Amino acid sequence: MMELQNLMLGVYVADAGVAAGAPMCRKGAMDITRTEQLVQTLFELTRRYKVMNPEMMRCDYVKFLHIIQDSVQPEVADTLGFTAMKKIVTVGDEAVRLGCEGLLTDPDLALATTPVPRLKPHSALNAALRRKDLTVNRLIDTYARPSQRSREDVERLIRSVDDANCYIRDSSATIEQMIEILQTSFDPKCPEPGLALAINEGVDGARLSHQHEMQYHYVLQTLTLWKNITKYMYKLWLVMEADFLTAERPYSLEDTGQGLHRRQATPTLFQAVQDIVDATKAEVEVWVGSDKVHMGDAQVPNGYAFIDKYTQTPRIIVPIIKTIQAIEGIVKDSEHSAFVKEMWATPAMLQKAILCDFFKHGFDGSGGENDMDAGSCIDGRLTSAWNWCNTIKSKPFYPVFLLAGFGSFDGAFE
């Protein structure tokens, strides 16, 4: 408790200066409540930054959330005199504060916040960008009020929506690209010789048995599920926080088999994810395997653990796509070309060999000691994909990944 009090005081002193903090330190009992507004504001900004930039603060952010989670517990809040929790400010909240809710329903907002595709020729791209900028300026002219809200206030609302749409577009586009690669490179009915996607339990680490067509659909539905989760990621973040940062659902510290974790019920997030699973099942032709969503158990102990896993799906997909695309340039080197010819005959066969291996063993139920830890459940599908990533150095095509500039699937943690 004293450490938490000292942390809150440190935040206050860092902002107001040592002189401001000195009188508090001289008191017999520090009046930590004076820091309430500052702490809540800074912590809310940090959380909002993380939602918009999930690749940042990957090591320390969960500890930061734990501080807020502890601060909302009654015994801690009573001692501190306040909690560090403040609802994340959304565009809708800010629009209400500024009195321009009409902006959110303006028909032009869609054009002003829709990412511009990479059009060709450049003249078409420039024309689309100019049209978008003109629309943004027109909205600013319409909703800015000198006495109530500045042009900068209105532009910030518009650009915030645009940034969110760009993130969703970029994150889901990589998964959609992998779906397209699967559909164009493999025929679910007639596999090419040596490129069948069939897997058998107990062979090469697989925990599932699927013939070629079943595995094709299993991979397709899994990628479709990842795409849909990514598209609703902002909503899932906010729902997760409502479950995670509340005194109504206290956590328990448990050894889940993967170390100590805070296990906590997440009914709101669970239902939101279940709705996405149901929508995905309706979208794909057939559903293969389990549709069980693990949450609040040993596999996914809390809501943040789920969010953290699924913000990382592009980290799996992007390096594979980049390597596939780089092969054409790699074989321009005579020695590299000779290596590819000796091992795979043609660059096209090398590309399909990489894809075939990923679609088989990145989706084979591996990565856990039992069916609860891996298998075909919703969480187990992602566990299998990460397990494949962990075995990349043992693959015969690993040198090709290195030639393509591959460093790791996990990226930097700074």
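Quick note: residue numbers are just sequence positions, from 1. Just so we're clear, the structure is a prediction, and the values are computed from it rather than from any experiment.
- Glu254 is linked by a salt bridge (charged side-chain N to carboxylate O under 4.0 Å, His left out) to Arg263, counting only residues two or more places apart in sequence or in another chain.
- Partners of Lys352 according to the salt bridge (charged side-chain N to carboxylate O under 4.0 Å, His left out) rule, which considers only residues two or more places apart in sequence or in another chain, are Glu192.
- Each of Leu109, Val161, Thr142 was evaluated against Leu103; a single residue qualifies, Leu109, per the side chain to side chain contact (heavy atoms under 4.5 Å, CB included) test.
- In terms of the side-chain contact (heavy atoms from CB on, under 4.5 Å) criterion, residue partners of Gln325 (sequence neighbours excluded) are, by chain and number, Gln177, Ile321.
- Looking at residues two or more places apart in sequence or on another chain, you find no salt bridge (charged side-chain N to carboxylate O under 4.0 Å, His left out) involving Arg149.
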Requested in this report: Just do the side chain to side chain contact (heavy atoms under 4.5 Å, CB included) check on Gln312 and Asp308 with the steps written out, would you?
Outcome: CA-CA 7 Å; Gln312 297 177 39; Asp308 187 50; 3.3 Å; yes
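- Side-chain contact between Met240 and Asp243: absent, with no pair of heavy atoms (C-beta onward) separated by less than 4.5 Å.
- Taking Arg138 as the reference, Asp108 meet the salt bridge (charged side-chain N to carboxylate O under 4.0 Å, His left out) condition, with sequence neighbours excluded.
- Looking at Glu283 and Asn228, their side chains do bring a donor and an acceptor atom within 3.5 Å of each other.
- In summary, the side chains of Asp70 and Tyr251 do present a donor paired with an acceptor at a separation below 3.5 Å, with no hydrogens or angles considered.
- Donor-acceptor pairing under 3.5 Å is lacking for the side chains of Ser366 and Arg207.
- Applying the side-chain hydrogen bond (donor to acceptor under 3.5 Å, both in side chains) rule to pairs touching residues 209-219 yields Lys189-Glu213, His210-Gln215, sequence neighbours excluded.
- Environment of CD in Gln183: crowded, with over 12 heavy atoms of neighbouring residues, nucleotides or ligands closer than 6.0 Å.
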Report task. For ring-ring contact (aromatic ring centres under 6.0 Å, His included), just list the numbers for Trp237 and Phe306, CA-CA rounded to whole Å, side-chain angles, deciding distance to a tenth of an Å, and then say yes or no. Result -> CA-CA 10 Å; Trp237 265 104; Phe306 180 91; over 10 Å; no
Query - Step-by-step ring-ring contact (aromatic ring centres under 6.0 Å, His included) determination, Phe401 to Tyr398 - result: CA-CA 5 Å; Phe401 271 70; Tyr398 178 60; 7.3 Å; no
